[in-house]
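Comments concern the structure below.
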Protein chains: 2
Amino acid sequence: MRHLKEFTIKNKVKLVRIEKGRLTQGELAKLVGVTRQTMNLIEAQKYNPTIRVCLLISKHLEIPLDELFWIDENH
Amino acid sequence: MRHLKEFTIKNKVKLVRIEKGRLTQGELAKLVGVTRQTMNLIEAQKYNPTIRVCLLISKHLEIPLDELFWIDENH
DNA sequence: AAAAAATGTAATATATATTTTACTTTATAT
DNA sequence: ATATAAAGTAAAATATATATTACATTTTTT
C-alpha cells in the first residue's frame, strides 16, 4: 500500500543529550518544563511535540532546531 | 505580578509568506496539510503548532525553522 | 553483588492543537 | 463601483500532546 504516510518527523534529542553528557532525561525535562515521561516519548520519537517544547529543548541542548528535528521522507 | 509567563513563542510565517508573494494563506495551508483556519491562527500567533506542522511550513516557505520560530523572552 | 539512579513503558485524565462549519470584513480584480 | 477572492474570526466537535501515577527494567555507583 506504499506511502500511507508520506513522511515522518525525526529528531536526535536523545543522541545530543547523551553526547553532551551533562544532562539526564529527567533534568532536561525539568529545564524544559515537561514531565520526564513526555521527554521520554519525545526522545523515543513517539509523537510530535509542540514548537514551544522544541524551542526550549533546542535552547538547553544548545543546538539549532533545524539540526534537532527534520522531516524523514520515506525515499 | 511580573512574568506570569516567562516567555512567548513568536513566528514570522505571515511575513515570509507575503514577502515571497507567491502563496495565499489557504494555499500554504493546503500544502502543509492543515485547514486555512489553523494556518490563520498560527500566523496570528494564537497558539503553538506542532513541530510537524512547523517543519512543513519551513519547507514550503523555504526558510529555516530557526528563522521562522523563536522564543521571545519578555526582557 | 547489591543499592541507587536512570530509563522504558502503560493506563487514565486533562489541556490544547486542529477540524468543521459558517459568517463577516478586507483586499484584489474586473 | 461591483464582484470575487482572500483573510479574520467564532463555536462546537475531535484528535492528540502532555500530565499523573505507578511499576518494571536497565544502567551506574558504591
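Just the heavy atoms: all of them, side chains too, but no hydrogens, waters or symmetry mates, feed the values below. Just so you know, these numbers come straight off a predicted model, no measurement behind them. In what follows, every chain begins at residue 1, and chains take the letters A, B, ... in the order their sequences are listed.
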Answer whether the closest heavy-atom distance between the side chains of A:F7 and B:L55 falls below 4.5 Å. no

Output the rounded distance in Å from CG (A:N40) to C1' (D:dA24). 13 Å

Give the residues of residues 11-27 of chain B touching DNA chain D, defined as any heavy atom closer than 4.0 Å, sorted by residue number. B:K14, B:R17, B:T24, B:Q25, B:G26

Does the side chain of B:C54 reach to within under 4.5 Å of the side chain of B:L68, using non-hydrogen atoms? no

State, with a plain yes or no, whether a side-chain heavy atom of A:E67 is found less than 4.5 Å away from one of A:L65. no

Give the residues of residues 42-49 of chain A touching DNA chain D, defined as any heavy atom closer than 4.0 Å, sorted by residue number. A:Y47, A:N48, A:P49

Nucleic acid contacts of residues 32-39 of chain A, taken as heavy-atom distances under 4.0 Å to DNA chain C: A:R36, A:Q37

Non-neighbouring partners of A:R22 that pass salt bridge (charged side-chain N to carboxylate O under 4.0 Å, His left out), sequence neighbours left out: A:E62

Can you list the residues that meet the salt bridge (charged side-chain N to carboxylate O under 4.0 Å, His left out) rule with B:K20, with sequence neighbours excluded? none

A:T38 side chain near A:Y47 side chain, heavy-atom distance below 4.5 Å: yes

Side chain to side chain contact (heavy atoms under 4.5 Å, CB included) filter on B:Q37, not counting sequence neighbours, yields B:T35

The criterion is side chain to side chain contact (heavy atoms under 4.5 Å, CB included); which residues satisfy it with A:L31, sequence neighbours excluded? A:L23, A:H60

Which residues pass the side chain to side chain contact (heavy atoms under 4.5 Å, CB included) test with B:L15, not counting sequence neighbours? B:K12, B:E19

Salt bridge (charged side-chain N to carboxylate O under 4.0 Å, His left out), that's the test. Do B:K59 and A:E73 meet it? Break it down for me. CA-CA 12 Å; B:K59 172 183 177 182; A:E73 331 226 359; 3.2 Å; yes

Spacing of B:K30 atom NZ and B:T24 atom OG1 [to the nearest 0.5 Å]: 12.0 Å

Note, A:K14 side chain near A:V16 side chain (heavy atom, < 4.5 Å): no

Reading DNA chain C 5' to 3', which nucleotide is the first, and which the last, to come under 4.0 Å of any heavy atom in chain A? C:dA6 to C:dA10

Does the distance from a Lys or Arg side-chain N to an Asp or Glu carboxylate O, for A:R17 and A:E27, drop under 4.0 Å? no

Please check: side-chain N/O of B:N48 versus main-chain N/O of B:I9, any donor-acceptor pairing under 3.5 Å? no

Starting from the first five and the last five pairs of the helix from C:dA1-D:dT30 to C:dT30-D:dA1, work out the angle between the resulting helix axes, to 10 degrees. 70°

Please identify each residue that fulfils side chain to side chain contact (heavy atoms under 4.5 Å, CB included) with A:K10, with sequence neighbours left out. A:Q45, A:W70, A:D72

Does the side chain of B:T50 reach to within under 4.5 Å of the side chain of A:P49, using non-hydrogen atoms? no

Could you point out which residue of B:L56, B:I57, B:I51 forms a side chain to side chain contact (heavy atoms under 4.5 Å, CB included) with B:V53? B:I57

Please list residues of residues 55-67 of chain B whose heavy atoms come under 4.0 Å from any atom in DNA chain D, ordered by number; otherwise none. none

